[in-house]
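Worksheet: the structure to be examined is printed underneath.
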Amino acid sequence: MKYPEYKQPLDYAKVGEDVLAWWQQNHIFEKSVSSREGQPTFVFYEGPPSANGAPGIHHVMARAVKDIFCRYQTMLGKQVPRKGGWDTHGLPIELQVEKELGITKEDIGHKISIEDYNQRCKETVMRFKAQWDDLTQKMGYWVDLDDPYVTFEPEYIESCWALLKKLYDKGLLYKGYTIQPYSPAAGTGLSSHELNQPGTYKDVKDTTAVAQFKVKHDEKSEKLFAAAGAPNANVFILAWTTTPWTLPANTGLAVGKNIPYQLIRTFNPYTFEPIHVVLAKALVGRYFSEKGAAALLEGYAESDHKLLPWRLEGEFTGADLVGINYERLFDTEAGFPHFEGEENAFRVIPADFVTTEDGTGIVHISPTFGADDFRAAQLAGIPALMVPDDQGKLGPIVDRTGRYVAQMGEFGGRWVKNYDGHDQSGADYKTLDESIAIRMRTNGTAFKTEKYEHTYPHCWRTDKPVLYYPLDSWFIKTTAVKDRLIELNKTINWKPESTGSGRFGNWLENLVDWNLSRSRYWGTPLPIWRTQDRTEEICIGSIAELKAEIDKAVAAEVMTHNPYANGEKIDLHRPYVDDIFLVSPSGQPMYREPDLIDVWFDSGAVPYAQWHYPIENADIFHKNFPADFIAEGVDQTRGWFFTLHALAVMLEDSVAFKNVIANGLVLAKDGQKMSKRLGNAVDPFATIKQFGPDATRWYLIANAPPWDNLKFDPAGVVEVQRRFFGTLFNTYSFYALYANLDGFEIDENNRVAHAELSELDRWVLSKLQSLVAEVRLQLDSYDPTKAPGPSRIS
RNA sequence: GGGCUUGUAGCUCAGGUGGUUAGAGCGCUACACUGAUAAUGUAGAGGUCCCUGGUUCGAGUCCAGGCAGGCCCA
């Protein structure tokens, strides 16, 4: 018998196992790479999976996508090296270890040493590696598992340090601040994880204020004064805040570009002065009554002031207001401090978070006390109000204990909230918010002040209100290359296109600097050492450099000995690097900046660090950069896709990848998200065991484009199995049966001349060539779903 | 709240640049074959193209506004 005949029913899982065994015995994957030595390469980067959880069915889909294009290019004759890798650092692993040990972040360094804790993280992260390797093989994903990169290895970290140093030398690494939840009572920053603890958000009654910001009359504001009908009119912009203590730190006002605003002629309800105010059209009704519109303007000052008269004078959009200058509310004449950049402050700017839900539709911006404020101000070039402390270091108007700094005039030294537990029971006791409100009512800068109940986050340890406060962080100045990031992004072939131009493109348009700092333990440490007075610092770019600097420090007696002198293997993690002190050129000791870097830096560094570049292997790196193709979930848009792109543009002035598929999610068959809790998660091992890898992969790819969400229905896999593989199998069996009966044999050396072929034969050959052309066309354009299409039709 | 995305037959999905009776597979119904048979062939039924407005001689397709699901970010 020439052609093997199989019995029904065919065991698809068995076929998969047999093929896998044959691959492994004959090293087929290895040969598919080694046999193409010298051929053009097709560069692929494996997005490192984190091995701290079991793989799911969506990983099978993501990896099937990767596998398809790598194999296709291999079949076209290219060499496609595929280095596997593991992402091993980061918060999810730390949280898992904390949970398993029953500890919190505060216990690290006390109940458990940093050394033991990090050891535990290292063990935990590789716990599922065996499962991942198993799935990788069973699903038939070809990737090099024998020589993967691992982000916690010293060589990998060393590469990250070298890259950081390159950025540092280009002036792209700097220390600044970011607005984070901060507990003055506990003296510590809070993570979003801590803020999500139950009970942190409480209803509190605060003094709120609608402040009047006086518009300066210049060409930017001319239209307002024209509508008011007097060049010397008192025109104010109204902004509401639930935290009046932030008003002295105001440096800007934010409007929504498309929101309609109105100019209203009326009176200040406390001083009875005639004024003109600007607020959102949608909110005029909150402050002005129907009756007031009809009330006489004349005679209000002498009336009982119960009814506030008003008149509409004009309407503008937010875009009309942008750029208008206004007078500082708490000015230097009243004893409040000058600050750096104040000539650029006190301007109306646009912001996308402005709504007309509450307040006045205009948001008071204090860049030191709000994350949104900070971001909007940074985008618009508005400075923050910062004052120097006794050491000359710039800081916000509130110190770390929660008090106004001394420079704050009549309010200097006042507590922002009651952080020290002082007595508030006295009859004439006033909170800072109340004192500020009284001042504003007196000098005609408050349009309305009232008590208002709202929810506000509190520190889970001290029960005191949280402040949003500027905390030190290290940044990569991605905004310096923003235009180039956008420009190069346009050269990338995104599948689907909308992810590149929309989600990713918009993200780049609104880019802020990349906050690298993480106050954690398990990750790549920041390789920067500084003197205590912050005047001297060094960025270490390699282990060799570190050793040399340690030798200098030992010579200067800053360190007693070099812990790496006798050639033992270096561990660059905490706590070891924290125990290294270096010496500055002027002879001062330097201490490591205690932060870790964002794990996304680790993964963005894959193209370099997987080869231990730039320490070594420059030739290998250049041969394998940039990638021709990568694929990952759409949730990586601001993660891996961004960090790859950002680092490539800053370091190499290049894209990191030319083609990218951003695949969607795999949902349960009812369209719900898969979760262990709902019990609707599909086990990839069971699926492959039941249906075999071929039907599983075919279903995942052919059923819907990978960038759409896929509703995973096992019945669909059954259908694929019957419809496609069943047909294929039956067709083969039919052929095998009769070919064997007739003793048909193909004689490669004596084929029938084309001209002598029957019409039917020629039709079939034509059909085949059309199929090949169609499949190639679709695979060349990175559409794996359309590629199998033609083969499904007869 | 913002960005992106999806909504076409019972199910899963196709439907460049607007143009006759809106398609495929599965499922369903009927018939045929009974040496491919837990198959195969032939035929058929089945749709308010999410809703509302608009542009147009003409809209599943273009525009605006909603509704519902999803992802990411606040």
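In what follows, chains are A, B, ... by sequence order, proteins preceding strands, each numbered from 1.
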Could you list the protein-to-nucleotides 71-74 of chain B atom pairs, N/O on both sides, closer than 3.5 Å?
unit_1, atom_1, unit_2, atom_2, d
C71(B), O2, Arg503(A), NH2, 2.4
C72(B), O4', Arg503(A), NH1, 3.3
C73(B), O4', Arg638(A), NH1, 3.1
A74(B), O3', Asp372(A), OD1, 3.4

Dump every N/O contact between nucleotides 61-65 of chain B and the protein below 3.5 Å, one line per pair.
none

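- Qualifying side-chain contact (heavy atoms from CB on, under 4.5 Å) partners for Leu283(A), counting only residues two or more places apart in sequence or in other chains: Ala280(A), Arg286(A), Thr356(A).
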Considering only nitrogen or oxygen atoms on both sides, find all protein atoms under 3.5 Å from nucleotides 10-12 of chain B and state each distance.
unit_1, atom_1, unit_2, atom_2, d
U12(B), O2', Asn703(A), OD1, 2.5
U12(B), O2', Asn703(A), ND2, 2.8

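- Residues satisfying the ring pair (Phe, Tyr, Trp, His ring centres under 6.0 Å) test with Phe504(A), not counting sequence neighbours, are Trp494(A), His645(A).
- U17(B) is unpaired under the Watson-Crick or G-U wobble criterion, no partner having all donor-acceptor distances under 3.5 Å.
- A donor-acceptor pair under 3.5 Å is absent between the side-chain atoms of Thr499(A) and the main chain of Lys495(A), judged by distance alone.
- Remark: Lys490(A) pairs with no residue by the salt bridge (charged side-chain N to carboxylate O under 4.0 Å, His left out) rule, at least two apart or across chains.
- Residues satisfying the salt bridge (charged side-chain N to carboxylate O under 4.0 Å, His left out) criterion with Glu315(A), sequence neighbours excluded, are Lys281(A).
- Take Asn506(A) and apply the side-chain contact (heavy atoms from CB on, under 4.5 Å) test, not counting sequence neighbours, and it matches no residue.
- Residues that satisfy the side-chain contact (heavy atoms from CB on, under 4.5 Å) test with Pro350(A), not counting sequence neighbours, are Lys257(A), Val322(A).
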Please table the atom pairs, donor to acceptor, closer than 3.5 Å between any side-chain atom in residues 511-518 of chain A and protein atoms at least two apart or in another chain.
unit_1, atom_1, unit_2, atom_2, d
Asp513(A), OD1, Thr478(A), N, 3.3
Asp513(A), OD1, Thr479(A), N, 3.0
Asp513(A), OD1, Thr479(A), OG1, 2.5
Asp513(A), OD2, Tyr174(A), OH, 2.5
Trp514(A), NE1, Asp598(A), OD2, 3.0
Asn515(A), OD1, Ser473(A), OG, 3.4
Asn515(A), OD1, Ser517(A), N, 3.2
Ser517(A), OG, Trp474(A), N, 2.6
Ser517(A), OG, Asp595(A), OD2, 2.8
Arg518(A), NH1, Asn515(A), O, 3.2
Arg518(A), NH2, Asp598(A), OD1, 3.4
Arg518(A), NH2, Asp598(A), OD2, 3.4

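- With sequence neighbours excluded, the residues forming a salt bridge (charged side-chain N to carboxylate O under 4.0 Å, His left out) with Arg484(A) are Glu487(A), Asp653(A), listed by chain and number.
- Nucleotides A36(B) and G41(B), compared at atom C1', are 12 Å apart to the nearest Å.
- Nucleotide C71(B) has G3(B) as its partner under the Watson-Crick or G-U criteria, with both atom distances under 3.5 Å.
- Shown here, U61(B) forms no base pair; nothing in the strands shown gives a Watson-Crick or G-U wobble contact with both key distances under 3.5 Å.
- For G41(B), the paired base is C31(B) (Watson-Crick or G-U wobble, both distances below 3.5 Å).
- Every residue was checked against the salt bridge (charged side-chain N to carboxylate O under 4.0 Å, His left out) condition with Lys689(A), not counting sequence neighbours, and none meets it.
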